Amino acid sequence: MKNFKNTLIYAFPILVIILLISCSGEDGAVGPSGADGQNGENGIDGNANVTTVLLENTSLNIGSNSLSVNAITQEILDYGAVLVYVRASSTPNIWYPLPYSEDDVQISIGAITQNEIIINSSVITFVLDIKLVIIAGNNTATSKNSNNEILASLEKNGIDVNNYNQLAEFYNLEE
């Protein structure tokens with residue numbers, strides 16, 4: 001009986017190990033590939049690099065006014081777009097695109113150069129906020145006409161660039 005008990009003590013773990021190893025089944029054949037899903041609608045060619053620069057409480061003199069804007073790089077000038085809006089403190093929720101003209105007040109963009117925007121004014125204005133929407137373009141473009149391409153793409157998508165609220169909603173810009 002003692003030999004049977006010793007045999008059972010040694011044989012039982014070996015049987016358990018053999019049983020666990022031998023229970024592995026064979027892998028089945030790989031099934032056929034599923035059908036491709038439906039292609040989604042193409043979005044607009046775009047760029048996530050849209051930034052805004054807010055120049056608060058800016059007073060303009062009659063004539064040309066040079067404002068420093070470090071976000072206007074040579075790459076933005078070559079391949080991107082800069083849109084400019086103004087608002088008066090009396091209309092805090094309304095952004096007007098430049099050029100702006102009402103009665104004897106004319107405010108326009110004189111030039112946009114690297115690190116600078118020149119704004120022309122026909123009158124000494126009250127304090128204005130000036131907002132620039134800077135849209136980086138694709139520097140792999142074949143031409144340096146990206147400003148027109150960006151504006152055409154926005155128009156194609158129903159965005160009126162003269163309406164800051166539409167542009168802000170489209171690009172998810174913060175107020």
Side-chain angles (χ1 to χ4, degrees), residues 8-56 67-87 91-100 107-109 111-119 128-175:
L8 192 57
I9 289 174
Y10 293 114
F12 184 72
I14 292 172
L15 287 174
V16 170
I17 291 171
I18 291 172
L19 185 62
L20 290 174
I21 293 173
S22 66
C23 286
S24 174
E26 292 183 26
D27 290 339
V30 174
S33 294
D36 287 342
Q38 185 178 11
N39 286 336
E41 195 174 308
N42 287 338
I44 67 162
D45 292 336
N47 194 313
N49 297 325
V50 177
T51 57
T52 58
V53 175
L54 178 61
L55 305 172
E56 293 182 285
L67 304 171
S68 177
V69 183
N70 292 333
I72 303 174
T73 63
Q74 189 61 48
E75 190 166 328
I76 293 295
L77 295 173
D78 290 344
Y79 303 106
V82 179
L83 304 172
V84 185
Y85 303 87
V86 295
R87 73 175 175 193
T91 58
N93 296 322
I94 301 174
W95 287 100
Y96 298 97
L98 291 187
Y100 174 82
I107 304 171
S108 63
I109 300 169
I112 299 175
T113 61
Q114 189 171 343
N115 299 321
E116 176 187 49
I117 183 166
I118 297 172
I119 297 183
L128 293 174
D129 292 334
I130 300 171
K131 182 174 279 193
L132 288 79
V133 177
I134 300 171
I135 306 168
N138 184 353
N139 64 2
T140 60
T142 56
S143 70
K144 289 187 176 184
N145 199 13
S146 294
N147 180 57
N148 291 340
E149 292 169 9
I150 290 168
L151 298 178
S153 177
L154 287 166
E155 183 180 331
K156 179 182 172 187
N157 284 281
I159 306 304
D160 177 5
V161 295
N162 292 318
N163 184 327
Y164 175 77
N165 294 328
Q166 283 185 13
L167 191 70
E169 184 177 332
F170 183 74
Y171 283 123
N172 197 27
L173 301 175
E174 293 182 12
E175 180 57 30

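It should be emphasised that the depicted structure is a prediction, and the values quoted were computed from it without experimental measurement.
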Do other residues, nucleotides or ligands put more than 12 heavy atoms under 6.0 Å from E155 CD?
-> no
Spacing of OG1 belonging to T113 relative to CD1 belonging to I118, to within rounding of 0.5 Å | 5.5 Å
With distance as the sole test, does D160 use its side chain to make a donor-acceptor pair with the main-chain N or O of N162 at under 3.5 Å?
-> yes
Hey, could you give me the CG/CD1 distance between L151 and I159, rounded to the nearest 0.5 Å?
-> 12.0 Å
Kindly write out the residues that satisfy salt bridge (charged side-chain N to carboxylate O under 4.0 Å, His left out) with D129, not counting sequence neighbours, or none if the list is empty.
-> R87
With a 4.5 Å limit on heavy-atom distance, are the side chains of I119 and V86 in contact?
-> no
Spacing of Q114 atom CD and N70 atom CG [to the nearest 0.5 Å] | 9.5 Å
Under the side chain to side chain contact (heavy atoms under 4.5 Å, CB included) rule, what do V53 and L55 come out as? Steps first, then yes or no, please.
-> CA-CA 7 Å; V53 175; L55 305 172; 4.1 Å; yes
Rounded to the nearest 0.5 Å, the CD atom of Q166 sits from the OH atom of Y171 at a distance of 12.5 Å
Which one of L83, T52, V50 satisfies the side chain to side chain contact (heavy atoms under 4.5 Å, CB included) criterion with L167?
-> L83
Would you say L154 and I135 make side-chain contact, with heavy atoms under 4.5 Å?
-> yes
Within the side chain of N157, is there an N or O that forms a donor-acceptor pair under 3.5 Å with the backbone of S153?
-> yes
Looking at side-chain heavy atoms only, is the closest gap between I72 and L132 below 4.5 Å?
-> yes
Report the residue from I134, I109, V69 that forms a side chain to side chain contact (heavy atoms under 4.5 Å, CB included) with V84.
-> I109
Which of parallel (below 30°), tilted (30 to 60°) and perpendicular (above 60°) describes Y85 and Y164?
-> perpendicular
Quick one: do I117 and I130 satisfy side chain to side chain contact (heavy atoms under 4.5 Å, CB included)? Show the steps, please.
-> CA-CA 11 Å; I117 183 166; I130 300 171; 6.0 Å; no
